[in-house]
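Only one structure is covered here, and it is reproduced in the block below.
Quick caveat, the model's predicted, so the values are computed rather than measured. Residue numbers start from 1 in every chain, and the chains themselves are labelled A, B, ... in the order their sequence lines are given, proteins ahead of strands.
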Number of protein chains: 2
Amino acid sequence: MAVTDEAIEKIKGMIVSGALRPGDRLPKESELAADLGLSRNSLREAVRALSLIRILDVRQGDGTYVTSLDPQLLLEALSFVVDFHRDDTVLEFLAVRRILEPAATAMAALRISEQQLDALTAQLDKLGDAPSVEDLVACDLEFHRGIVQSSGNSVLCSLLDGLSGPTTRARIWRGLTQEDAVARTLREHRAILGALRDRDAEAARSWSTVHIASVEQWLRSTL
Amino acid sequence: MAVTDEAIEKIKGMIVSGALRPGDRLPKESELAADLGLSRNSLREAVRALSLIRILDVRQGDGTYVTSLDPQLLLEALSFVVDFHRDDTVLEFLAVRRILEPAATAMAALRISEQQLDALTAQLDKLGDAPSVEDLVACDLEFHRGIVQSSGNSVLCSLLDGLSGPTTRARIWRGLTQEDAVARTLREHRAILGALRDRDAEAARSWSTVHIASVEQWLRSTL
DNA sequence: ATGACCTGATACGTCGGAGGTCTTGAGCGA
DNA sequence: TCGCTCAAGACCTCCGACGTATCAGGTCAT
């Protein structure tokens, strides 16, 4: 195994074992390199790799620190990976989202606060009746993010955030080519919000499923 | 932005745009570094980072290639990230798994082949009535993996694979401390398999939920 | 003619050192 | 006390050199 890979494993080990805790500062490059028995150049490769997936936070002029290791932060790296997937796997991502999002919406129905409900309502109202497709999709992302956050599960939230990225393009494409897509989306958002207000988890789940399934169905018929 | 980060973005761009396709070979380090306008050392940091998350495959003496970019391969990197999470987020991972796995099991009920069913049966038979906890957990992972693979969604499969890692330790712990855990797990596995044989998606889903919920409930009461 | 073996070219792996840039905090003056 | 200056510390980038692994092509014995 290459010395750089060893260094990655050793640093990972130090964190997992608890020798390095979130927020801790690592020894400076030259010292750490000496400790691990490799050159500064090779160590930098290891640090850079761990930095890309948000394990380490490197600050020029200051030092290198262990990140908070929050699920939210670490799963952000997921979206980077997801970006590489080609269109032929979008359907599989969408299928996973179709499983997760209705469940998250149902969970949110039992936990969401009145303030959150009001905020979501205001958001929909602000958009108006005939928004541009770009505005709609942006609002769509925000709307679903707000709901999923109310599910109270940060792992679930981050995961859906990462998965939503690749389907965004598809939704824009749909909005541009399918006439009633905009009106339909607005209608379904209102329905989901209504179910949340009623604290009706099953209705919220169903509307969420319908919402995603319509995108899925359109995409399947188009590809 | 640092030159290395720029290089990461540029290489990513080349792949996403299609200029580099899966399996393609990159120019050699010195040339690519010159093309992107940075030193070989800095470029190597970028390549190493992309290599960690399985975007690039570096072969000494040969060259650097774009991987297949299969969801399975790319989501392997997820388990690396998940390893860093501490026990206090295990419950959130488990909650997500509780959503995904029953759905995957239900999907599998409609698609699983007779050969797969026989293989799963053989696997359970081989384990016997009183396996060691380690064997049981290993078999448990294999059992669920086999089922999820039959769901036909590779993204779902890889995701669950990544999420199952952190809960493994918890399950071992449980097996060691809760008396009837082993027998209960064996019983539930048989039940899931039976539902799959009957092509009863709803029964499969329910048994799967019960199976995971029992771990979740125990964990919640213990922490 | 065929196979194993050797060898050179090629490309990645590692290293040490030299400047450069940014952040931080101590020290100084108003 | 507040704000500014500046030097130390740490990361950033680069260069050049050498080590090591792989592959292709040629050589030689069978």
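Residue B/D57 contributes atom CG, which lies 10 Å from atom P of C/dG13 at whole-angstrom precision.
Judged as a side chain to side chain contact (heavy atoms under 4.5 Å, CB included), and not counting sequence neighbours, the contacts of B/S158 are B/Q72, B/L75. Every residue was checked against the side chain to side chain donor-acceptor pair (under 3.5 Å) condition with B/S79, not counting sequence neighbours, and none meets it.
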Checklist line | Protein proximity profile, nucleotides 5-13 of chain D - base contact B, sugar-phosphate-only contact S, no contact -, cut-off 4.0 Å on heavy atoms | finding: ----BBBBB

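When the local axes at the two ends of the helix from C/dA1-D/dT30 to C/dA30-D/dT1 are compared, using 5 base pairs at each end, they differ in direction by 0° after rounding to 10°.
Contact of the B/I112 side chain with the B/Q149 side chain is not registered, since no non-hydrogen atoms from C-beta on lie closer than 4.5 Å. The shortest distance between side-chain heavy atoms of B/V81 and A/V81 does not fall below 4.5 Å.
Note on B/R48 versus A/D5: salt bridge recorded, some NZ/NE/NH1/NH2 to OD/OE distance being below 4.0 Å.
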Report, one line per pair, each donor and acceptor closer than 3.5 Å where one atom sits in a side chain of residues 20-30 of chain A; sequence neighbours left out.
unit_1 : atom_1 : unit_2 : atom_2 : d
A/D24  : OD2    : A/R21  : N      : 2.9
A/R25  : NH2    : A/D62  : O      : 2.8
A/E29  : OE1    : A/R40  : NE     : 2.8
A/E29  : OE1    : A/R40  : NH2    : 3.0
A/E29  : OE2    : A/R44  : NH1    : 2.8

Next item on the list: Show your working on side chain to side chain contact (heavy atoms under 4.5 Å, CB included) between B/R145 and B/D161 and close with a plain yes or no.
Entry: CA-CA 7 Å; B/R145 191 199 310 268; B/D161 233 37; 2.5 Å; yes

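Legend: salt bridge (Lys or Arg N to Asp or Glu O under 4.0 Å) pairs involving residues 64-78 of chain B, not counting sequence neighbours, sorted by first then second residue: B/R54-B/E76.
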